[in-house]
Q: 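Structure provided below as C-alpha cells; questions to follow.
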Amino acid sequence: MKRYGKYIKPYLWAFILGPVMMIVEVVGEVMLPAMMADIINVGAANRDVGYILVKGLAMVAMAFVMMAGGIGGAYFAVKAAMYFGRDLRKDLFRKVQQFSFANIDSFSTGSLVTRLTNDITQMQNLIMMGLRMMLRAPGMLIGAVIMAFTMNASLAVIILIVAPVLAIAIGTIIRIAFPRFERMQKKLDKLNSNIQEVLTNVRVIKSFVRGDYEEKRFAEANEGLKKSSLDAFRVVIIQMPIMTFAMNVTVIAVVWFGGNQILNGAMPVGDLTAFTTYITQILMSLMMLAMVLLQSSRAVASSKRIGEVLDTEVDLTDETAAHKEAVVREGKIEFRNVSFRYYKKNQEKVLDDISFTIKPGQTVGIIGSTGSGKTTLVQMIPRLYDVDAGAVFVDGVDVRDYSLKNLRNGVSMVLQKNVLFSGTILENLQWGDEHAGETEVKNAAIAAQADAFVSQFPEGYETELGQGGVNVSGGQKQRLCIARALLKKPKILILDDSTSAVDTATEARIRESFHTTLRHTTKLIIAQRISSVMDADMILVMEEGKIVGMGSHEELLASCDAYQEIYDSQMDREVGA
C-alpha cells in the first residue's frame, strides 16, 4: 500500500480530522447509556424531577455535540476519499497515455475503463468507510467493553464467549469472498469490453443485421457478471444474519442473567438498561469492523488490478535518449538493416532486413499486397514501435535518441483508421496546431480539399461532429484528417492509405497541393492504387516484409516483376471498366 502514500499526504489533514471528529461521536455514544442509567437509578427511583431535567438537558447537549462530530467526520472522510480518487485516477490515466502500442495490446479497452472507474470507486468507498469507522468502531468497542466490565464484570463475560465466534465467522466470510470479488471484476471487464465494441461498431452491426447475435453476446456477458456477483455477494449477505442472530442471543442472555441479578438485588434496573445498550454497541462495532474488512477485500482486489496498470513497464520510453533536445529540422529518413516482429517468440519477421534512404523533401510511395508490412514500416519512424534489429535514423539521429515529444512533433501521420473526436470541426483540426487561427485552419482545409464541403455546412467550421465523426462521410473524414496533419506543418508527413475513400480527381488535387504547401516536407504515401504513387520521386515495393523493388515508376516497370504485376492488374481493371 506504500504506493498510495503520495495520494494521502497532500490531504493528510482530512485523513486525520475525519476519524478525530468521529471520536467525538463515540465518546457521546459511550457516555449516554451511563447517563440514562443515572436517570433511572437516581432520578426516577427518588422521583427527583430536577435531577432528571438536568441529566436530560446534558444528554440533549451531548447529542448535538455528537451530531456535529458525526457530520464533520463524514464530511472530511468524503473529502479525503474524493481527492484520493481524483489524483489516483489522474495518475492512472497518465500512465495509460504513456503506454506503447505493445503495452496497450496487453489490456482490453473495457478492462482499462473498469480500472479507471469501478476499481478506483471501490478504493474510494473503502477510504470513506474506513475513515468513518477507523476510530469509531474500535473506540466504541473499547469504550463499551470498559463500561460493561466496570458496571458488571460477571455479566460482561458473556461477550467474551460471543466475540471469538463472531471473529471466526467474519474471517471465514472474508477469506471466501476475496477471490470471488476478483472474478466479479473480471466479468465486469468483459461486459464493458462488449458494450464498448458494440457502441463503437453499431453501424456495422446494423448493416449486417447482426443485432440479434450481439444481443446474445451481451446477454451471455451480462449473465456471467450476474452469476459472479451473486456468487460473491451470496457470501457477504450471510454476515448480517449471523451478526443479528449473535446480537439477539447475547441480548437475551444479558436480560436473562441480568434480570435474575435484579431480582436478587445485586443490580439496579438502570444498570441493566445501560448494560444492554453497551452489549449492543459492542456487537455493532464488531459489525462495523466486519463491513470495513469486507469492503477491504473488494478494494484489495481492485487495488491489485490498479497496480497491474501502474506497475506495467512502459517498453518504449526516451529515458536513455542521447539527444533529447534535438528536433526534426530537415526530414531525412534512413533505415539500416531494420527487422521487426510483433510477437517476439515468432520466427517470422514482419520486417526483414529493410534498408533505404529518403532525402529531405522527397515524395516516396509505398505499395504492396495486404500484410506486406507497409504500415509497420512507417510506424517505425515516429517510434510507435521499436525495431528488433538495425536502426531508423531521422536527420542522421537514431529515433531512439530523440525525446518522443520532439520526434513526434516533427512527424504527422494520417492512419488507415481515421479518427475524429467529439467537438467542432475547428476544434478537431486544431489538434494539428492548437494556436492556429481560422485563416490557417481554412488554408489547411483548402490544401486537403476539405474546405468546399465544410463551407456548405450551415455552421461551417463550427459544425459539431458526433463521436468519431459519424456525421461525415468516409471521404470527408479522410480529408479532415489530412487537413489536421497539414496544420501541424510537419517535416515528415505519412499518409497510410488515407485517400482510399476519395475519388481519383480529388486525390490528384490533394497531391498537387502537396507540391506547393509541403515543398520542403518529406512525404511517405502508402497506397493500393499505383496512380496514387506513380508520380513519386521514389517508390518502394514490399512483399512479405521485404523491399523487392525501389525506384521511379518507369524504373520499376522495367525491373520489378511485382510492381509490373500490380500495374497490369490495375490497368486491366480500368480498361475493363
Side-chain angles (χ1 to χ4, degrees), residues 331 333-335 338-340 348-381 413-418 448-449 474-475 478-479 481-482 485 492-516 518-519 521-577:
I333 302 169
E334 183 181 0
F335 277 60
V338 169
S339 294
F340 175 76
E348 187 178 346
K349 297 176 181 178
V350 180
L351 297 177
D352 188 3
D353 197 25
I354 300 288
S355 296
F356 62 86
T357 300
I358 301 173
K359 296 177 183 177
Q362 277 192 320
T363 298
V364 175
I366 305 175
I367 199 164
S369 59
T370 301
S372 60
K374 304 185 296 297
T375 296
T376 304
L377 179 78
V378 297
Q379 286 179 339
M380 300 291 137
I381 299 169
M413 195 166 183
V414 184
L415 302 170
Q416 280 179 317
K417 186 178 179 181
N418 298 282
Q449 304 300 306
Q478 285 187 336
R479 282 175 277 173
C481 289
I482 293 171
I492 298 172
L493 174 65
I494 299 170
L495 302 176
D496 186 358
D497 202 19
S498 52
T499 55
S500 57
V502 175
D503 62 88
T504 53
T506 302
E507 183 188 14
R509 288 195 293 272
I510 292 172
R511 290 201 311 271
E512 187 180 340
S513 70
F514 287 171
H515 292 299
T516 54
L518 298 174
R519 245 191 345 268
T521 297
T522 304
K523 300 165 283 292
L524 290 86
I525 303 172
I526 295 176
Q528 299 295 333
R529 298 186 295 227
I530 279 187
S531 60
S532 301
V533 298
M534 60 192 303
D535 295 328
D537 300 310
M538 180 170 69
I539 301 171
L540 304 178
V541 185
M542 296 194 67
E543 202 170 85
E544 297 182 353
K546 296 182 179 181
I547 293 179
V548 296
M550 186 187 310
S552 65
H553 172 67
E554 290 76 14
E555 290 169 343
L556 289 171
L557 277 179
S559 62
C560 179
D561 292 340
Y563 187 80
Q564 190 171 29
E565 185 178 334
I566 296 170
Y567 177 81
D568 289 340
S569 65
Q570 292 187 7
M571 291 303 106
D572 287 345
R573 280 201 300 271
E574 288 183 16
V575 170

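All of these numbers come straight from a predicted model, not from anything done at the bench.
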Q: Which heavy atom of I525 sits nearest to which heavy atom of V533, and what is that distance?
A: O-CG1, 3.7 Å
Q: Nearest 0.5 Å please: distance from the CE atom of M534 over to the CG atom of L557.
A: 7.5 Å
Q: To the nearest 0.5 Å, what is the distance between NZ on K523 and CZ on R511?
A: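 The distance works out to 12.5 Å.
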Q: For the atom pair CD1 (I494) and CD1 (I333), what is the distance rounded to the nearest 0.5 Å?
A: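 Answer rounded to 0.5 Å: 6.5 Å.
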Q: With sequence neighbours left out, write down each residue that passes side chain to side chain donor-acceptor pair (under 3.5 Å) with D535, or none if nothing qualifies.
A: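 Checked D535 against side chain to side chain donor-acceptor pair (under 3.5 Å); zero matches.
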Q: A485 and V414: which non-hydrogen atoms are nearest, and at how many Å?
A: CB-CG2, 3.6 Å
Q: Within this structure, what is the CD1-CG distance for the pair I358 and L524, rounded to the nearest 0.5 Å?
A: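 Answer for the CD1-CG pair, I358 versus L524, is 4.0 Å.
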Q: Do L493 and F514 make a side-chain contact, defined as non-hydrogen atoms from C-beta onward lying under 4.5 Å apart?
A: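 Yes, at least one pair of side-chain atoms sits under 4.5 Å.
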Q: Return the set of residues passing ring-ring contact (aromatic ring centres under 6.0 Å, His included) with F340 (not counting sequence neighbours), or none when no residue passes.
A: Y342, Y385
Q: Report yes or no: does K374 contribute a side-chain atom to a donor-acceptor pair with the main-chain N or O of M542 at less than 3.5 Å?
A: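 No.
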Q: When rounded to the nearest 0.5 angstrom, what is the spacing between CG in L377 and CZ in F335?
A: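 The CG atom of L377 sits 4.5 Å away from the CZ atom of F335.
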Q: Please report the closest heavy-atom contact between G365 and A536, naming both atoms and the distance.
A: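 Smallest interatomic distance, heavy atoms only, reads N-CB, 3.7 Å.
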Q: Does T522 have any side chain to side chain donor-acceptor pair (under 3.5 Å) partners at least two apart in sequence or in another chain, and if so, which?
A: none
Q: Please set out all donor-acceptor pairs under 3.5 angstrom arising from side-chain atoms of residues 544-554, sequence neighbours excluded.
A:
residue: S552; atom: OG; partner: E555; partner atom: N; Å: 3.3
residue: S552; atom: OG; partner: E555; partner atom: OE1; Å: 3.4
residue: H553; atom: ND1; partner: Y563; partner atom: OH; Å: 2.6

Q: Give me the atom names and distance for the closest heavy-atom approach of L351 to M380.
A: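 Between these two residues, the closest heavy atoms are CD1-CG, 4.1 Å.
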Q: Give a yes or no on whether the backbone of V364 and the side-chain of D537 come within a donor-acceptor separation of less than 3.5 Å.
A: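 Between the backbone of V364 and the side chain of D537 there is no qualifying donor-acceptor contact (under 3.5 Å).
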Q: For the atom pair CD (Q449) and CZ (R479), what is the distance rounded to the nearest 0.5 Å?
A: 8.0 Å
Q: How would you list, by chain and number, every residue that makes a salt bridge (Lys or Arg N to Asp or Glu O under 4.0 Å) with K359, sequence neighbours excluded?
A: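 Checked K359 against salt bridge (Lys or Arg N to Asp or Glu O under 4.0 Å); zero matches.
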Q: Sequence neighbours left out, what passes side chain to side chain donor-acceptor pair (under 3.5 Å) with E334? Give chain and number order.
A: R336
